[in-house]
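Please read the structure below before turning to the comments.
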Amino acid sequence: MASDGFQVVAPADRSKPVSILIVEDEALVASYIEEVLGESGFRVAGIAASGTEALSLAAEHRPALALVDIRLTGSIDGIELACQLRQKFDVPAIFLSGLVDDRTTERAQAAQPLGFLKKPFLPSQVFNAIERALGLPGR
C-alpha cells in the first residue's frame with residue numbers, strides 16, 4: 001500500500017511451523033525427537049537413518065534446520081553430512097551425540113554447527129537448542 005517507494009516487509013509467517021530434518025539411525029531416538037518436535041510446534045521434514053537418505057530428504061523438503069547424529073551407519077558420517085547439507089542446501093545443523101571426544105568435536109567445527117546436544121537429552125534441551133539456533137523469540 002505504500003506509494004512513497006518504501007516496501008512493507010512483513011515479519012516471518014509464524015503460522016507456518018519451522019521445518020526440521022531428523023538424521024538419526026536409532027529408530028527409538030528418532031521417534032522420540034519427532035514427538036518432541038511435534039509437541040513443540042515444529043514440523044518434521046523427514047527422518048533419515050543415513051547420510052544419503054538425509055540429502056535426498058533435504059533436496060525434497062528444504063528444511064530450515066537438521067538435527068544430525070554424529071555417528072551414522074553408512075559411508076557418510078554426521079559431520080560430513082552436516083557439511084554437505086550446509087554447502088548444497090544452506091541447511092545448518094545441530095549435532096546429536098552420546099559420546100563426543102576432543103578430536104570429534106574439533107572435526108565437527110568444520111560443519112559450523114549451531115549447537116550440540118549430548119544424549120540423553122530432555123525435551124526442553126531440544127527446544128531451547130532449536131530456538132537459539134534459529135534465533136526464534138521465546139514463546
Side-chain angles (χ1 to χ4, degrees):
M1 287 205 318
S3 60
D4 55 359
F6 290 98
Q7 181 179 4
V8 177
V9 179
D13 184 0
R14 291 286 174 225
S15 65
K16 289 176 97 175
V18 172
S19 174
I20 299 174
L21 176 64
I22 300 169
V23 187
E24 170 61 64
D25 56 2
E26 292 180 44
L28 195 59
V29 175
S31 64
Y32 169 72
I33 296 168
E34 181 179 30
E35 186 177 320
V36 168
L37 293 179
E39 289 175 0
S40 299
F42 298 107
R43 185 173 64 80
V44 174
I47 298 175
S50 70
T52 306
E53 188 180 1
L55 290 169
S56 176
L57 285 169
E60 184 179 343
H61 298 287
R62 301 296 176 152
L65 180 69
L67 298 178
V68 180
D69 188 7
I70 288 180
R71 302 193 198 290
L72 295 173
T73 56
S75 60
I76 302 173
D77 75 353
I79 295 170
E80 185 180 334
L81 171 64
C83 289
Q84 288 186 35
L85 287 170
R86 188 176 276 281
Q87 290 167 355
K88 293 180 180 181
F89 307 109
D90 198 28
V91 174
I94 292 175
F95 284 125
L96 312 172
S97 186
L99 182 63
V100 181
D101 56 70
D102 290 342
R103 186 175 159 272
T104 303
T105 303
E106 190 176 306
R107 213 179 122 236
Q109 293 308 316
Q112 301 172 310
L114 298 183
F116 280 87
L117 281 172
K118 188 165 172 34
K119 294 178 187 176
F121 39 75
L122 299 171
S124 60
Q125 292 171 308
V126 175
F127 179 76
N128 290 337
I130 293 168
E131 245 187 9
R132 278 193 311 275
L134 298 178
L136 299 175
R139 298 180 196 188

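Start at 1 with the first residue, then count along the sequence. If you're wondering where the values come from, they're calculated on a predicted model, not measured in any experiment.
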Please give me the minimum heavy-atom distance between Gln125 and Leu117, naming the atom from each residue.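 That would be O-CD2, 3.6 Å.
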
Of all heavy-atom pairs between Pro92 and Ala64, which one has the smallest distance, and what is that distance?
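Closest pair (atom of Pro92, atom of Ala64, distance): CD-O, 3.3 Å.
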
- For Lys119, side chain to side chain donor-acceptor pair (under 3.5 Å) partners two or more places apart: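 Partners of Lys119 under the side chain to side chain donor-acceptor pair (under 3.5 Å) test: Glu24, Asp69.
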
For residues 64-84, the ring pair (Phe, Tyr, Trp, His ring centres under 6.0 Å) pairs (sequence neighbours left out) are none

Quick note, ring pair (Phe, Tyr, Trp, His ring centres under 6.0 Å) partners involving residues 46-82, not counting sequence neighbours, are none

Would you list the atom pairs, donor with acceptor, under 3.5 Å between side chains in residues 45-55 and any protein atom, with sequence neighbours excluded?
residue: Ser50; atom: OG; partner: Glu53; partner atom: N; Å: 3.2
residue: Glu53; atom: OE1; partner: Ala49; partner atom: N; Å: 3.0

Partners passing ring-ring contact (aromatic ring centres under 6.0 Å, His included) against Phe116 (at least two apart in sequence or in another chain):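 Partners of Phe116 under the ring-ring contact (aromatic ring centres under 6.0 Å, His included) test: Phe95.
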
Please identify each residue that fulfils side chain to side chain contact (heavy atoms under 4.5 Å, CB included) with [X], with sequence neighbours left out.
X	value
Arg62	Phe89
Tyr32	Val36, Phe121, Pro123
Asp101	Arg71, Arg103, Thr104
Thr105	Val100, Gln109

Side-chain contact test, heavy atoms from C-beta onward, threshold under 4.5 Å: evaluate it for [X] versus [Y] and give yes or no.
X	Y	answer
Pro63	Ile20	no
Val91	Leu21	no
Val68	Leu85	yes
Leu96	Val29	no

With rounding to the nearest 0.5 angstrom, report the [atom1] to [atom2] distance, [X] to [Y].
X	Y	atom1	atom2	answer
Ile130	Ile94	CD1	CD1	5.5 Å
Leu72	Ile79	CG	CD1	10.0 Å
Ile76	Cys83	CD1	SG	11.0 Å

ask   = Which pairs, with at least one residue in residues 74-88 and sequence neighbours excluded, count as a salt bridge (Lys or Arg N to Asp or Glu O under 4.0 Å)?
value =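 For residues 74-88: Asp77-Arg107.
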
Residue set satisfying salt bridge (charged side-chain N to carboxylate O under 4.0 Å, His left out) with Asp25, at least two apart, ordered chain then number -> none

- Message: Run the salt bridge (charged side-chain N to carboxylate O under 4.0 Å, His left out) test against Arg43 and tell me which residues pass, sequence neighbours left out.
- Response: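 Expected list: none.
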
Next on the checklist: Can you confirm whether more than 12 heavy atoms, excluding those of Leu122, are under 6.0 Å from its CG atom?
Outcome noted: yes

Step by step, would you call Leu67 with Leu37 a side chain to side chain contact (heavy atoms under 4.5 Å, CB included)? CA-CA 11 Å; Leu67 298 178; Leu37 293 179; 4.2 Å; yes

